[in-house]
Amino acid sequence: MCLPLDQTSLLCWLHTQVRVMEAWREELAMQFEVNVEQVQLLERHYQWLTGEIAELEGARKVA
């Protein structure tokens with residue numbers, strides 16, 4: 001079920017998710033044995049999410 005959210009709340013939540021991923025990236029970087037596939041998947045998702053946020057913020061400035 002999807003609940004309607006205003007754009008400010010959505011962007012705040014998305015930025016929180018980015019901070020969680022950044023912390024996860026730091027944690028992975030400190031591990032002795034690195035799971036390369038896990039790092040690559042996380043990095044792809046991080047890049048996608050930050051791109052989506054940039055688009056939403058750009059559209060917000062135009063509106």
Side-chain angles (χ1 to χ4, degrees):
M1 178 174 164
C2 294
L3 300 174
L5 296 171
D6 62 53
Q7 194 167 23
T8 301
S9 296
L10 175 62
L11 285 169
C12 180
W13 183 79
L14 292 173
H15 280 288
T16 300
Q17 299 307 305
V18 167
R19 287 192 300 274
V20 169
M21 281 191 268
E22 288 169 346
W24 191 8
R25 282 173 27 183
E26 288 178 23
E27 185 178 314
L28 287 174
M30 295 164 108
Q31 291 181 357
F32 181 71
E33 293 185 27
V34 177
N35 180 331
V36 176
E37 183 179 349
Q38 187 178 31
V39 171
Q40 290 172 336
L41 288 171
L42 178 60
E43 188 59 30
R44 276 198 304 268
H45 188 66
Y46 178 85
Q47 294 301 322
W48 170 81
L49 183 56
T50 55
E52 292 295 311
I53 290 170
E55 285 187 36
L56 287 170
E57 290 177 333
R60 186 177 182 192
K61 290 177 184 176
V62 172

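Index from 1, following the sequence.
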- With Met21, which of Thr16, Leu42, Thr50 fulfils side chain to side chain contact (heavy atoms under 4.5 Å, CB included)? Leu42

- Just jot down the salt bridge (Lys or Arg N to Asp or Glu O under 4.0 Å) partners of Glu43, sequence neighbours excluded, or say none. Arg25

- What one should report as the nearest heavy-atom pair of Leu28 and Val34 is O-CG2, 4.0 Å

- After noting the C-alpha distance and the side-chain angles of Leu14 and Val18, does the key distance pass the side chain to side chain contact (heavy atoms under 4.5 Å, CB included) rule? CA-CA 6 Å; Leu14 292 173; Val18 167; 5.8 Å; no

- Answer yes if Trp13 and Val20 sit in the same cluster of Ile, Leu, Val, Met, Phe, Trp and Tyr residues linked by side chain heavy atoms under 4.5 Å apart, and no otherwise.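 The answer is no; the residues belong to distinct hydrophobic clusters.
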
- Determine whether more than 12 heavy atoms belonging to other residues, nucleotides or ligands lie under 6.0 Å from atom CD of Glu37.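 Counting other residues, nucleotides and ligands, CD of Glu37 stays at 12 neighbours or fewer.
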
- Any chance you could measure Gln38, atom CD, to Gln31, atom CD, to the nearest 0.5 Å?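 Output value for this atom pair is 7.0 Å.
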
- Query: In Å and rounded to the nearest 0.5 Å, what is the CD to CG distance from Gln40 to Asn35?
  - Reply: 9.0 Å

- side-chain contact (heavy atoms from CB on, under 4.5 Å) involving Glu26 - partner list, sequence neighbours excluded: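 Applying side-chain contact (heavy atoms from CB on, under 4.5 Å) to Glu26 gives none.
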
- Is there any ring pair (Phe, Tyr, Trp, His ring centres under 6.0 Å) pair reaching into residues 18-47, and which pairs are they, with sequence neighbours excluded? His45-Trp48

- Query: Any side-chain heavy atom of Ile53 within less than 4.5 Å of one from Leu49?
  - Reply: yes

